[in-house]
Amino acid sequence: MLAFIQSSPLLLGATLILLDLILWQLIPIHRRLWRIGARLAIFLLFSAVLLAAGMSPLQPPPWPDDLARNLMATVLAIGWWLFGARTVTVVFGLLLGARGSHGGRLLQDVLGALIFLAAVVAAAGYVMQLPVKGLLATSGVMAIVIGLALQSTLADVFSGIVLNTTRPYQIGDSIAIDGTEGKVLDIDWRATRLLTGTGSLAVIPNSVAAKARLLNHSRPPDVHGVSISVVVPAKVRPRRVFDALEKALQGTRAILPSPPPRVSVKTSSLGAVEYEASGFIADMAGKGEARNQLFDLAHRHLEASGVVWNADLAMPPRSRQRDVLDEVRVFRSLSEDERDALSQRMTTVEYLADQVILEVGAHSDYLLVIGSGVVSASVRDGDKLLEAGRMGPGEVLGIEGIVDEDDSLAEFRTLTSCVLYRIDKAQVKSCLEQRGEVQVALTKLQRFRRQSRESLLLQKPPSIKKGGFLSWLHR
């Protein structure tokens, strides 16, 4: 066996390299340890063949007079250095691959290039006995010239290495770089690619991303900030605005109770004050919908507190009862005169926070319209109550008993202090007789709430249109 190895080392070396390539392709890619183990084993066998044949990759071939044998030994020694560089690169790839699917790819490529460069220089110095010092000096001058010519490109490359090492963001994160927001699609040698909210592709050089002010909206993964800003006339007392915006933050279940949401003054001038209402949500994908919902709730609660932006001085002042009727969808088919007459029959009822307005199974003689505040609607599931949604100004409760004789399917409890307006159901039934559109709207609303209740109890998402689960409360 030893004689065969000494007589045919080139054949054995070529066979081992070919075997390595075949096994690398045959072993599945997800079995990385098997692939690397096979490559290490073949590399050790390759090294053993060289030593058994009397060759060393750290010395020139020992047969200077035998040209064929000397050439064969040179080829095998150079192959050993390149094979070793490839094996070390694969091992580094395994170690860096633990950082994530993409995080260490750029660093792996750079290290691989450096390892192969070192292997080529070592092979030139040890095997071919070339003047490596002169070669390194010449290559150093060339590196300076090339570095000056590619200064911006090299800055992007090394910035990419820093970004992949420190990992301020990774693929799939939603980030903002110098005002450009988007989802990270790729981080390559030169740039970071973002998919913006408008569907455009933003390409940001790594050197810019490394120095820019960066916001990562995906870290931490379970808490994401969301905020809105509203501008209110300076003559409005800030306490009224604070109360309204705090109720708006409580009016949606998308806002997490912890960390607690807050309202603050952002800027102020002689004519107007800008307020910011901010909170946190659990899912980054729902940020847009949460902001839209907050804007709608802020407008309704500010209006309920008496904040008016575009008051028409030519119009006579109207009562809050009359204004809130314009927000009730089931009464939108009524004419202005009919709403005026109905608003005069509405009586005001005030509730403190955490008071039950209507219990499950209770029967109300009135249709209740929320004038201000936040009301929680919960359905019974065995011995416990499940919150189905939250209601705000312009939404109605107590619709059972108007189009049928059912009792309340939900418990309605105040989350904040509330003002509600009661309408005698006899008045509502009179509207049903005169306006068939009102009856149709109430019937649809009641059917929709029943379906939503059943879906919630079955732990299935209700089939509702875009706008969120809250939309069933004020249809």
Side-chain angles (χ1 to χ4, degrees), residues 239-240 243-248 250-252 297 299-308 317-332 334 338-380 385 387-432 438 441-442 445-446 449 470 472-475:
R239 182 69 263 168
R240 291 170 62 189
D243 289 340
L245 294 181
E246 286 170 359
K247 289 177 181 177
Q250 293 184 62
T252 172
L297 289 169
H299 184 277
R300 287 157 57 191
H301 284 286
L302 285 169
E303 192 176 54
S305 65
V307 178
V308 180
R318 300 195 306 184
S319 64
R320 175 56 186 162
Q321 292 93 320
R322 177 63 184 83
D323 287 334
V324 81
L325 274 182
D326 290 339
E327 302 296 326
V328 181
R329 297 189 180 185
V330 295
F331 292 136
R332 287 185 179 177
L334 298 180
E338 288 172 331
R339 293 182 200 173
D340 290 339
L342 186 60
S343 66
Q344 295 175 5
R345 298 182 177 90
M346 298 168 65
T347 57
T348 304
V349 183
E350 296 185 6
Y351 290 88
L352 298 176
D354 199 28
Q355 278 191 302
V356 176
I357 303 172
L358 194 61
E359 295 181 345
V360 178
H363 180 79
S364 174
D365 295 328
Y366 302 94
L367 181 71
L368 297 169
V369 181
I370 302 175
S372 65
V374 182
V375 175
S376 172
S378 302
V379 297
R380 187 173 296 282
L385 292 172
E387 187 177 39
R390 296 182 182 181
M391 309 168 69
E395 299 172 28
V396 298
L397 52 119
I399 62 173
E400 294 82 8
I402 297 178
V403 295
D404 53 31
E405 297 302 324
D406 287 347
D407 295 325
S408 177
L409 299 176
E411 178 192 86
F412 298 92
R413 181 185 294 270
T414 59
L415 291 181
T416 66
S417 57
C418 297
V419 174
L420 279 76
Y421 301 113
R422 298 193 306 191
I423 307 176
D424 193 288
K425 288 188 176 178
Q427 299 292 331
V428 180
K429 290 180 180 179
S430 176
C431 290
L432 299 183
V438 177
L442 282 172
L445 176 58
Q446 190 169 22
R449 290 187 178 180
L470 186 65
W472 76 273
L473 296 169
H474 58 269
R475 291 199 168 201

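Numbers for residues simply follow the sequence, beginning at 1.
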side-chain contact (heavy atoms from CB on, under 4.5 Å) partners for Ser364, two or more places apart: Leu358, Tyr366, Lys425
Which atom of Ser378 lies closest to which atom of Leu385, heavy atoms considered: CB-CB, 4.0 Å
Phe412: which of Val375, Ile370, Leu420 passes side chain to side chain contact (heavy atoms under 4.5 Å, CB included): Val375
Contact summary for Gly371 and Pro393, nearest pair of heavy atoms: O-CB, 3.6 Å
Thr414 OG1 to Gln355 CD distance, which is reported to the nearest 0.5 Å: 5.5 Å
Under the side-chain hydrogen bond (donor to acceptor under 3.5 Å, both in side chains) test, residues paired with Glu338 that sit two or more places apart: Ser335, Arg435
pair Glu303-Glu327: side-chain heavy atoms closer than 4.5 Å: yes
Expected output: side-chain Arg422 to main-chain Leu368 donor-acceptor under 3.5 Å: no
Nearest-0.5 Å distance that lies between atom CZ in Arg239 and atom OG in Ser305: 11.5 Å
Contact check, side chains of Arg390 and Leu415, non-hydrogen atoms, under 4.5 Å: yes
All side-chain hydrogen bond (donor to acceptor under 3.5 Å, both in side chains) counterparts of Arg413, not counting sequence neighbours: Asp354, Glu411
Nearest-0.5 Å distance that lies between atom CD1 in Ile399 and atom OG in Ser408: 9.0 Å
Separation between CD of Gln321 and CG of Asp340, rounded to the nearest 0.5 Å: 12.0 Å
Student check: side-chain heavy atoms of His301 and Ser372 closer than 4.5 Å: no
Over all atoms of both residues, closest heavy-atom pair of Ile423 and Leu342: CG2-CD1, 3.8 Å
Any donor-acceptor pair under 3.5 Å from Gln427 side chain to Asp424 backbone: no
Side-chain touch Met391/Val374, heavy atoms, less than 4.5 angstrom: no
Gap separating the CZ atom of Arg339 from the CZ atom of Arg332, nearest 0.5 angstrom: 8.0 Å
Gap separating the OG atom of Ser417 from the CG atom of Asp243, nearest 0.5 angstrom: 7.5 Å
Heavy-atom side-chain contact between Val349 and Tyr421 under 4.5 Å: no
Heavy-atom check, side chain of Met346 versus side chain of Leu325, under 4.5 Å: yes
Side-chain heavy-atom pair Leu409, Val379 within 4.5 angstrom cut-off: no
